[in-house]
Amino acid sequence: MNAEKEGADKGDRPAAKQVPTLGLPVVFLGALWGAVSIVLTAYKLINDKRDEIIHMLECQGLIAGKGQGSEALLRKCLECCDPSVRIFGPLELYFGNLLPLSLGVCLFLAIVTYGVWKMPSYVNLEDPETRRKVQRISSFTASLPAFALVGFALGTVFDAYTILYAYFALH
């Protein structure tokens with residue numbers, strides 16, 4: 001009698017929903033999280049290199065007599081930025097360091113954006129509703145590196161304009 005009751009109880013309950021395996025999206029989200037630290041490190045490097053280049057341009061202007069500064073500032077500028085002593089100038093640092101790093105970050109963000117956006121096509125989901133939800137989440141998640149890509153691309157253009165304008169204004 002007890003076995004009959006258990007069978008009747010099981011027949012009355014609806015079947016449990018099958019939760020799809022979402023291992024790949026979790027791995028992609030983990031990769032996206034790891035990408036954040038890479039982008040932030042690159043952002044710091046880009047800002048430091050840009051500041052170094054701008055400092056060199058300001059010092060070269062001061063050395064050439066195109067700016068106002070104290071004798072102590074001029075001596076300090078001659079120590080680090082004297083064009084006759086320094087091997088790499090601002091343009092060499094820009095084209096050799098800052099521009100490739102900025103373009104590399106943009107390429108990295110483009111790859112991450114594309115990978116996260118296309119992620120649902122690599123997941124085998126039978127249920128159309130679940131597929132739609134995963135696509136919506138994937139699109140929303142891909143918007144984060146996409147906006148970072150736009151920001152870095154605009155920053156790269158702004159840095160190019162600023163550095164090249166300042167350089168050619170001195171020469």
Side-chain angles (χ1 to χ4, degrees), residues 14-62 67 77 80-81 83 86-171:
K17 281 188 171 181
Q18 292 289 332
V19 178
T21 305
L22 295 177
L24 188 61
V26 171
V27 169
F28 261 111
L29 288 175
L32 183 63
W33 184 259
V36 168
S37 67
I38 292 170
V39 169
L40 290 177
T41 302
Y43 184 66
K44 182 182 178 335
L45 288 171
I46 287 170
N47 283 337
D48 290 346
K49 193 54 68 179
R50 184 191 59 234
D51 291 346
E52 179 184 347
I53 292 170
I54 296 296
H55 173 72
M56 285 180 65
L57 288 169
E58 290 170 345
C59 280
Q60 285 181 353
L62 193 62
C77 282
C80 76
C81 302
R86 189 164 177 102
I87 295 172
F88 292 120
L91 284 187
E92 290 83 9
L93 286 176
Y94 175 70
F95 286 115
N97 289 334
L98 183 62
L99 184 61
L101 183 59
S102 298
L103 294 176
V105 170
C106 289
L107 178 63
F108 175 76
L109 286 169
I111 291 169
V112 170
T113 300
Y114 180 77
V116 172
W117 181 56
K118 293 303 269 181
M119 178 180 47
S121 63
Y122 295 108
V123 178
N124 186 13
L125 296 173
E126 305 291 325
D127 182 30
E129 181 64 28
T130 305
R131 179 174 276 292
R132 196 170 23 258
K133 287 179 183 178
V134 170
Q135 286 173 337
R136 191 175 311 137
I137 290 170
S138 177
S139 297
F140 178 72
T141 306
S143 70
L144 301 173
F147 280 117
L149 170 62
V150 170
F152 271 101
L154 291 175
T156 300
V157 170
F158 178 76
D159 287 346
Y161 173 77
T162 303
I163 290 170
L164 295 175
Y165 180 79
Y167 179 80
F168 289 114
L170 285 174
H171 295 93

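Values in this document were obtained by computation on a predicted structure and should not be read as measured data. Each residue takes its place number in the sequence, starting with 1. Side chains are part of it too, since the values below use all heavy atoms of this structure and drop only hydrogens, waters and symmetry mates.
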Using the ring centroid of each side chain, check whether Tyr167 and Tyr94 are separated by less than 6.0 Å.
no
Note, Leu45 side chain near Leu98 side chain (heavy atom, < 4.5 Å):
no
Between [X] and [Y], which heavy-atom pair has the shortest distance, and what is it?
X: Cys106; Y: Ala153; result: SG-N, 3.7 Å
X: Pro90; Y: Gln60; result: CD-NE2, 3.5 Å
X: Pro145; Y: Ala142; result: CD-O, 3.3 Å
X: Ser102; Y: Thr156; result: CB-OG1, 3.2 Å

Approximate separation, where rounding is to 0.5 Å, of [X] [atom1] and [Y] [atom2]:
X: Leu170; Y: Leu57; atom1: CG; atom2: CG; result: 6.0 Å
X: Ile54; Y: Thr162; atom1: CD1; atom2: OG1; result: 6.5 Å
X: Lys118; Y: Gln135; atom1: NZ; atom2: CD; result: 9.5 Å
X: Arg50; Y: Leu93; atom1: CZ; atom2: CG; result: 14.0 Å
X: Phe158; Y: Ile163; atom1: CZ; atom2: CD1; result: 9.5 Å
X: Lys133; Y: Ser138; atom1: NZ; atom2: OG; result: 15.5 Å

Quick one, Asp159 with Ile46, criterion side-chain contact (heavy atoms from CB on, under 4.5 Å). Give me CA distance, side-chain angles, the key distance, then yes/no.
CA-CA 10 Å; Asp159 287 346; Ile46 287 170; 4.2 Å; yes
Which of these, Thr41, Asp48, Asn47, sits in a side chain to side chain donor-acceptor pair (under 3.5 Å) with Lys44?
Asp48
Glu52: which residues meet the side-chain hydrogen bond (donor to acceptor under 3.5 Å, both in side chains) condition with it, sequence neighbours left out?
Lys49, Arg86
Taking only Lys NZ, Arg NE, NH1 and NH2, and the carboxylate oxygens of Asp or Glu, determine whether Arg131 and Asp127 approach each other closer than 4.0 Å.
no
One pair to check against side-chain contact (heavy atoms from CB on, under 4.5 Å): Phe152 and Val39. What are the steps and the verdict?
CA-CA 10 Å; Phe152 271 101; Val39 169; 3.5 Å; yes
Counting distance only, does the side-chain N/O of Glu92 pair as donor-acceptor with the main-chain N or O of Gly89 below 3.5 Å?
yes
Ala146 backbone acceptor or donor facing Thr113 side chain under 3.5 Å:
yes
So with a 6.0 Å cut-off around OH of Tyr43, is the heavy-atom count from everything else above 12?
no
